[in-house]
2 protein chains.
Amino acid sequence: MREFDQLFKALNIVEENLKEELLNVGVLQTVSANSLIVEKHKYIKWLALVIHGKVRVWQENQDRQILLYYVNPIQTCVLSLAAIFKDCKSLINAKTMEETTIIKIPVRHAAEWSFTYKSWNSFTTKSFIHSYEDLLYSYKDLAFNTVNKRLLNYIQSSSRQNNSPYIKLSHSQLAKEIGTTREVVSKTLKQLEHSGIVNLSFKQIELL
Amino acid sequence: MREFDQLFKALNIVEENLKEELLNVGVLQTVSANSLIVEKHKYIKWLALVIHGKVRVWQENQDRQILLYYVNPIQTCVLSLAAIFKDCKSLINAKTMEETTIIKIPVRHAAEWSFTYKSWNSFTTKSFIHSYEDLLYSYKDLAFNTVNKRLLNYIQSSSRQNNSPYIKLSHSQLAKEIGTTREVVSKTLKQLEHSGIVNLSFKQIELL
DNA sequence: TTAAACCTGTACCTTTTGTTACAACTATAA
DNA sequence: TTATAGTTGTAACAAAAGGTACAGGTTTAA
């Protein structure tokens, strides 16, 4: 299975026993775009590891949303990880952004392995730490920066990550990334355009 | 050593080898009130476990602050934990609120043990999860609630935790808990008082 | 080609939050 | 007792963010 080999390589899994266990209990699955794969308040039964594709993880409140993070290939949703160990309900939502290939692992195994296999332990620990620090950064951003600054931060980091000056999102999508409303994003983007920082066009922002 | 026994009990440490290692490398220390024990941008060399006392952990930006959490006895600062595994600089600040007894453990041991000892693995994992979920809650609160609501949330949870209707903090201290300014807290508290939700007196808020 | 759905811009207004400036109050230690 | 350091209250204003309403643009698919 090519996908499992990719997984082993990405997570630096060298233990033959762990490879075998993963092949035994892991379920390879392709999920179409825009599928809710983790839902708030529901129990998590599987740990999903993304092989190809992209998953968006967010929190919501009525009609507003705020992004937590994206899960890119060979990462995992740390919220799933948390739920494994606590056997509790999800605090977040996760949806595929495009057709996504995942390997699903029943939660109880994922918990056991963190003690049995060094590479798995290292993977779960790193996932937690990375997610925690990421959230810490977002928290500070939200606490001390204005929408203007947060929007610019988002655009800059998005541009950096995609290695492109073009951000292909509508204003309402952007609003749901940074936790505000569409109108505020439209106004703020116009300000940024007048300041010569971005160029605006239909469903696209160019970072100058 | 009474303090070490308390630690073993609180963390459900049963492995004799781990107990021995902790006794060997752990350093028992009493820190006076208002000491900075973790400083932003500095390397973390010790993992501190609080036995008695209380430690405040926060983020800051110029003259503003926002609380992350308090470390109460037999918990640990998860930020220290994170730094252990990454050998990196602290993203936060931590200060003792009162005279505090801690057991300090050199970071490299804390990392090794998470694979060697089941109870240690369980402790570190639970610490991460708890901290992550806590931060997730705070993030959502900050993203979607007004100062009024966040202040009330803070007062209510503080009252619940201390099992007392009295919150003994000045307005400027409260401002540094919820990430705003003193004037805003004063005004908001007055609103809450007029609504019959609290009684205000010098350095004290009574939750009705 | 046309309807429907979604996107963008913006005027106007409200609410929330932050800032400045001052006056008065309280606790504490010399 | 009295200075002093910190606390509280608040008016007046400014800036940031949110809400309403509507006009007009773009895309897509029937």
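Per chain, numbering begins at 1; letters A, B, ... match sequence-line order. Model, not experiment: these values are computed from the prediction.
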What I want to find out is whether Glu177(B) reaches Arg56(B) closely enough, with some N-O distance under 4.0 Å, to be called a salt bridge. yes
4.5 Å side-chain heavy-atom contact, [X] and [Y]:
| X | Y | result |
| --- | --- | --- |
| Phe123(A) | Ser119(A) | no |
| Val107(B) | Ile44(B) | yes |
| Tyr154(A) | Leu169(A) | yes |

Please report, rounded to the nearest Å, how far the [atom2] atom of [N] is from the [atom1] atom of [X].
| X | N | atom1 | atom2 | result |
| --- | --- | --- | --- | --- |
| Lys168(A) | dT27(D) | NZ | P | 12 Å |
| Ile66(A) | dG18(D) | CD1 | C1' | 15 Å |
| Leu192(A) | dG9(C) | CG | C1' | 15 Å |
| Leu189(B) | dT7(D) | CG | P | 14 Å |
| Lys176(A) | dC7(C) | NZ | C1' | 13 Å |
| Gln191(A) | dT10(C) | CD | P | 12 Å |

Check: Gln59(A)/Asn93(A) side-chain N/O donor and acceptor closer than 3.5 Å: no
Within residues 195-208 of chain A, find the residues that approach DNA chain D with a heavy atom at under 4.0 Å, and present them sorted by residue number. Phe202(A)
So if I define the base as every atom that isn't primed, P, OP1 or OP2, how would nucleotides 11-18 of chain C read as a B/S/- string at a heavy-atom cutoff under 4.0 Å? -B----SB
Using a cut-off of 6.0 Å, state whether more than 12 heavy atoms not belonging to His109(A) lie near its atom NE2. yes
Got a donor-acceptor pair under 3.5 Å from the side chain of Arg182(B) to the base of dG9(D)? yes
Donor-acceptor under 3.5 Å (Thr124(A) side chain, Trp120(A) main chain): yes
Could you pull out all donor-acceptor pairs under 3.5 Å where a side-chain atom in residues 134-146 of chain B meets a protein atom, sequence neighbours excluded?
unit_1, atom_1, unit_2, atom_2, d
Ser138(B), OG, Asp134(B), O, 3.2
Lys140(B), NZ, Glu60(A), O, 3.4
Asp141(B), OD1, Asn145(B), ND2, 2.6
Asp141(B), OD1, Asn153(B), ND2, 3.0
Thr146(B), OG1, Lys149(B), N, 3.4

